[in-house]
There are 2 protein chains.
Amino acid sequence: MVQNMKVEKKRGRPRAFDTKAAIGKARDVFWDRGYAAASLDNLSAATNLNRPSLYGAFGDKEDLYLDTLEGYRQDGMDVLTEALDPSLPLRDNIARVYAGALEIYLHGDTAARGCFLIGTATAEAVQHERVREVLGRSLNDFDGEIEKRMRLAVERGELPEGADPQTFARLASAVMHSLAVRARAGDSREVLEAIARSGVELICGSALGRG
Amino acid sequence: MVQNMKVEKKRGRPRAFDTKAAIGKARDVFWDRGYAAASLDNLSAATNLNRPSLYGAFGDKEDLYLDTLEGYRQDGMDVLTEALDPSLPLRDNIARVYAGALEIYLHGDTAARGCFLIGTATAEAVQHERVREVLGRSLNDFDGEIEKRMRLAVERGELPEGADPQTFARLASAVMHSLAVRARAGDSREVLEAIARSGVELICGSALGRG
DNA sequence: AGATTTTAATGCGAAATGGTACAAAATATG
DNA sequence: CATATTTTGTACCATTTCGCATTAAAATCT
């Protein structure tokens with residue numbers, strides 16, 4: 001049932017490329033240049049697909065971009081849920097979330113890439129409603145995933161009794177947003193890790209949650 | 001001495017436009033569309049300057065963009081220092097900083113604009129070194145201004161004795177960065193204000209700083 | 001094998017883009 | 001007034017852009 005989804009033999013000529021891989025390559029282009037500055041030639045070169053193939057497989061440039069955004073959101077959620085393993089203390093969870101984020105953000109050829117969503121989708125969000133929708137939904141999904149863990153933390157006493165899980169989740173996200181921006185602005189790993197540590201401290205800190 | 005800077009009567013035909021106003025109009029265009037997607041036609045139409053005039057007055061598109069960024073940074077610093085009036089309690093200061101930020105971020109015709117720097121310069125930061133430099137410097141300047149107030153707060157006992165002003169400043173900035181992103185992602189004023197309030201609470205909160 | 005269906009490759013084209021040449025206009029200086 | 005200097009407006013250019021039409025190629029179905 002899992003593998004049946006693609007077993008229906010398609011009629012015509014089979015694709016000579018892997019869709020997921022192509023989206024990944026396209027994502028790298030958008031990540032470095034931003035959506036608007038990424039040309040179809042750039043994308044075509046990076047994916048080894050000529051423009052008509054790109055167009056046939058993904059639709060126009062905006063459609064392709066939305067696909068890369070969705071893929072990133074999904075990957076991000078996977079990393080996040082793994083980092084939030086509830087068998088670990090809350091403090092470790094949040095630290096792992098930030099560490100995982102920095103692992104992604106600090107990659108880059110010429111300069112650190114930061115967060116793909118925050119680094120590129122924000123720029124288009126005002127004009128392109130669909131991009132704004134994906135961006136907003138992604139941020140909310142991240143918040144929601146963290147909020148689940150925060151709820152557990154309140155139950156377990158890792159956070160003060162009256163603490164609002166949603167509020168704590170949003171503040172935990174806020175630190176991550178800042179890391180995303182600062183990484184792309186060129187801040188060093190040392191600075192970013194220091195911010196991450198102090199964020200963990202502030203949110204899960206002994207002063208508040210005696211976590 | 002202040003007004004002498006421009007009193008040297010220039011020789012040729014005088015400009016028929018106000019430079020500052022033109023930069024402001026251009027900034028609005030970049031703010032909505034992002035740097036790459038803003039065409040010289042867009043900028044020309046918004047400023048009522050034809051392309052050669054734009055080019056003559058500001059240089060090429062990137063030069064003009066950098067001018068708008070610098071102007072925004074300067075304006076932002078002014079708003080920030082005003083909000084951080086040291087005769088007020090730290091809690092009020094930070095609340096005013098966020099309120100001032102939201103006042104700017106929530107403007108927009110089709111959708112909220114968010115922060116001009118974070119919303120548009122991050123997208124270009126990887127490829128354009130000069131943009132990355134301005135972005136990084138701006139973030140640091142904001143941090144520095146807040147840090148000064150935090151230092152004072154430690155001296156006054158508004159924050160715990162051992163607290164590191166730089167750390168607290170960066171965390172205060174982090175909440176603002178999150179507001180910047182979320183505003184552009186379409187979050188409502190209510191949500192943003194709630195985040196701002198909880199950010200103030202967490203950073204200046206009684207549990208920690210008994211401010 | 002022949003028909004059908006889907007993908008791949010070449011190349012085109014209309015429009016938009018960033019930038020500039022050039023001449024007219026407007027002002028200060030001599 | 002004449003000249004030098006700067007700005008303005010029209011028109012233009014070379015390039016890039018996105019998107020597609022068309023044709024060739026490769027697989028499946030009958």
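Below, read A as the first sequence line, B as the second, and so on, with proteins coming before strands; counting in each chain starts at 1.
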Is there a donor-acceptor pair closer than 3.5 Å between any side-chain N or O of A/K61 and the backbone N or O of A/A38?
yes
Take the protein atom CG of A/L49 and the nucleotide atom C1' of C/dA8, then report the distance between them rounded to whole Å.
10 Å
Between CG of A/L102 and SG of A/C115, what distance do you get to the nearest 0.5 Å?
11.5 Å
For the pair B/D187 and A/R170, find out whether any cationic side-chain nitrogen is under 4.0 Å from an anionic carboxylate oxygen.
no
Name each donor-acceptor pair under 3.5 Å that joins a side chain in residues 39-46 of chain B to protein atoms two or more places apart or in another chain, with its distance.
residue	atom	partner	partner atom	Å
B/S39	OG	B/D41	N	3.3
B/S39	OG	B/N42	N	3.0
B/S39	OG	B/N42	OD1	3.0
B/D41	OD1	B/R51	NH1	2.4
B/N42	OD1	B/R33	NE	3.2
B/N42	OD1	B/S39	N	3.0
B/S44	OG	B/L49	O	2.4

Decide, yes or no, whether a salt bridge links B/D141 with B/R73 under the criterion of side-chain N to carboxylate O below 4.0 Å.
yes
Distance check needed: C/dG18 C1' versus B/L43 CG, whole Å only.
11 Å
Protein-nucleic acid N or O pairs under 3.5 Å, nucleotides 23-26 of chain D:
residue	atom	partner	partner atom	Å
D/dA25	N3	A/R13	NH1	3.1
D/dA26	O4'	A/R13	NE	3.3

Provide, to the nearest angstrom, the distance between the CZ atom belonging to B/F17 and the C1' atom belonging to D/dT6.
12 Å
Can you pull out the residues from residues 52-68 of chain A that lie within a 4.0 Å heavy-atom distance of DNA chain D?
A/P52, A/Y55, A/D60, A/K61
Under 4.0 Å from any atom of DNA chain C, heavy atoms only: list the residues of residues 29-40 of chain A that qualify, in numerical order.
none
A/Y72 versus A/S138, side-chain donor and acceptor atoms under 3.5 Å:
no
Between D/dC18 atom P and A/D41 atom CG, what is the distance in whole Å?
7 Å
Got a sec, which residues hit salt bridge (charged side-chain N to carboxylate O under 4.0 Å, His left out) with B/R96, two or more places apart in sequence or on another chain?
none
Calculate, to the nearest 0.5 Å, the distance between atoms OG and CG belonging to B/S178 and A/L139 respectively.
8.0 Å
Atom pair distance, as rounded to whole Å: CZ in A/R51 and P in C/dG11
12 Å
Ring pair (Phe, Tyr, Trp, His ring centres under 6.0 Å) contacts in which one or both residues fall within residues 77-104 of chain A, not counting sequence neighbours
none
Main-chain N/O of A/L106 paired to A/R189 side chain as donor or acceptor, under 3.5 Å:
no
With B/L90, the side chain to side chain contact (heavy atoms under 4.5 Å, CB included) member among B/L159, B/V200, B/I203:
B/L159
Taking only N and O in the side chain of B/N50, is any of them less than 4.0 Å away from OP1 or OP2 of D/dT8?
no
If you compare every side-chain N and O of A/R15 against the phosphate oxygens of C/dT7 (OP1, OP2), does one of them come in below 4.0 Å?
yes
